[in-house]
Amino acid sequence: MFDMTLIAMGKLKEKFYTAAAEEYKKRLSAYCRFTLLELPENRLPEDPSPAEIAAGLEKEADVILSRISKGAWFCVWTPEGKTLSSEAFAGKLREVKLSGKSSACFLIGSSFGIAPRVKERADLKLSMGPMTFPHHLARVMVLEQLYRAEAIQAGSKYHK
């Protein structure tokens with residue numbers, strides 16, 4: 001069975017986001033061994049300088065990079081990434097599986113972004129589009145798209 005990991009910076013606090021995330025985690029388990037890793041965001045001052053933000057992202061980068069399984073295909077969700085339809089995303093995951101990879105790791109960075117060296121490590125950079133979403137909602141949206149991609153590959157009626 002394919003291993004899929006979502007690394008997310010920070011913890012969900014609101015019950016409605018937590019409930020939605022748990023539902024998609026449960027659904028994904030029918031298709032893959034799914035793991036959600038919640039890593040702590042680096043604490044920054046109330047109004048951080050660009051240098052403080054960069055230093056914080058570098059500290060997060062050390063932790064993130066240490067948690068990516070060796071040999072895993074790695075995808076980051078970032079505003080400057082590519083936009084794909086759900087079908088194209090499912091196709092990309094299918095390609096990854098057919099390439100012989102046994103695992104994929106996805107990352108949703110912190111509210112200040114992702115360190116450049118983490119983005120450079122990515123096999124694919126994806127974007128949710130030009131709109132801005134709350135960080136916790138973005139996690140639910142990524143989980144839903146992971147589930148949808150698996151459902152599309154399986155020929156499920158969910159996507160219809």
Side-chain angles (χ1 to χ4, degrees), residues 1-44 53 56-57 59-61 63-69 72-97 101-115 118-119 121-160:
M1 188 174 257
F2 193 72
D3 289 320
M4 193 180 296
T5 302
L6 174 60
I7 299 173
M9 302 307 293
K11 286 199 163 288
L12 291 180
K13 295 176 182 104
E14 297 87 352
K15 287 182 182 178
F16 55 92
Y17 287 137
T18 303
E22 288 300 320
E23 178 63 24
Y24 287 114
K25 282 170 48 182
K26 182 177 84 178
R27 291 181 184 194
L28 272 165
S29 69
Y31 297 106
C32 63
R33 279 187 298 269
F34 181 77
T35 304
L36 174 64
L37 291 177
E38 288 183 325
L39 301 178
E41 284 187 276
N42 192 61
R43 296 239 183 248
L44 293 174
I53 292 170
L57 292 178
K59 286 179 185 173
E60 290 176 0
V63 178
I64 291 165
L65 292 171
S66 75
R67 300 305 295 265
I68 302 167
S69 298
W73 180 81
F74 182 50
C75 175
V76 297
W77 294 85
T78 181
E80 69 273 11
K82 291 174 60 171
T83 56
L84 294 177
S85 67
S86 295
E87 295 85 358
F89 180 53
K92 186 64 183 170
L93 275 180
R94 183 179 295 110
E95 286 175 22
V96 169
K97 292 174 185 177
K101 295 281 185 183
S102 61
S103 63
C105 183
F106 299 86
L107 171 67
I108 301 172
S110 67
S111 54
F112 287 101
I114 301 169
V118 175
K119 291 178 189 178
R121 162 65 178 82
D123 296 297
L124 179 64
K125 296 177 213 48
L126 282 179
S127 171
M128 293 182 182
M131 292 181 170
T132 302
F133 298 100
H135 213 63
H136 297 313
L137 178 59
R139 183 183 310 186
V140 174
M141 292 169 64
V142 167
L143 285 166
E144 193 281 337
Q145 284 300 297
L146 292 172
Y147 172 68
R148 183 175 295 271
E150 291 296 319
I152 289 169
Q153 291 174 72
S156 164
K157 293 183 183 200
Y158 175 79
H159 180 63
K160 306 285 185 231

Exercise for the section: Evaluate the side-chain proximity of F89 to I152: yes if any heavy-atom separation is below 4.5 Å, no if none is. Expected result: no
Practice task
Check ring-ring contact (aromatic ring centres under 6.0 Å, His included) between F112 and all other residues, then give those that pass, not counting sequence neighbours.
Solution key: none
Handout entry: Exceeds 12 heavy-atom contacts within 6.0 angstrom, atom CZ of R67
Key = no
Exercise for the section: List in chain and number order the residues that pass side chain to side chain donor-acceptor pair (under 3.5 Å) with E14, two or more places apart in sequence or in another chain; answer none if no residue qualifies. Expected result: none
Completion exercise
Across all chains, not counting sequence neighbours, the salt bridge (charged side-chain N to carboxylate O under 4.0 Å, His left out) partners of E95 are K92
Exercise for the section: Please name all residues satisfying side chain to side chain donor-acceptor pair (under 3.5 Å) with S110, sequence neighbours left out, ordered by chain then number. Expected result: E60
Please list, one pair per line, the donor and acceptor atoms closer than 3.5 Å that link side chains of residues 128-136 to other protein atoms, with sequence neighbours excluded.
from: H135; atom 1: NE2; to: G109; atom 2: O; distance (Å): 2.4

Completion exercise
Sorted by chain and number, sequence neighbours left out, salt bridge (charged side-chain N to carboxylate O under 4.0 Å, His left out) with K26 holds for E23
Practice task
Applying side chain to side chain donor-acceptor pair (under 3.5 Å), name anything that partners S111, two or more places apart in sequence or on another chain.
Solution key: E41
Handout entry: By salt bridge (charged side-chain N to carboxylate O under 4.0 Å, His left out) - contacts of K97 (at least two apart)
Key = E150
Completion exercise
Applying side-chain contact (heavy atoms from CB on, under 4.5 Å) to A30 and not counting sequence neighbours gives none
Exercise for the section: Tell me, please, which residues at least two apart from R33 pass salt bridge (charged side-chain N to carboxylate O under 4.0 Å, His left out). Expected result: D3
Practice task
For residues 132-146, pull every pair meeting salt bridge (charged side-chain N to carboxylate O under 4.0 Å, His left out), keeping only residues two or more places apart or in separate chains.
Solution key: E38-R139, E144-R148
Practice task
Applying side chain to side chain donor-acceptor pair (under 3.5 Å), name anything that partners K25, two or more places apart in sequence or on another chain.
Solution key: E22
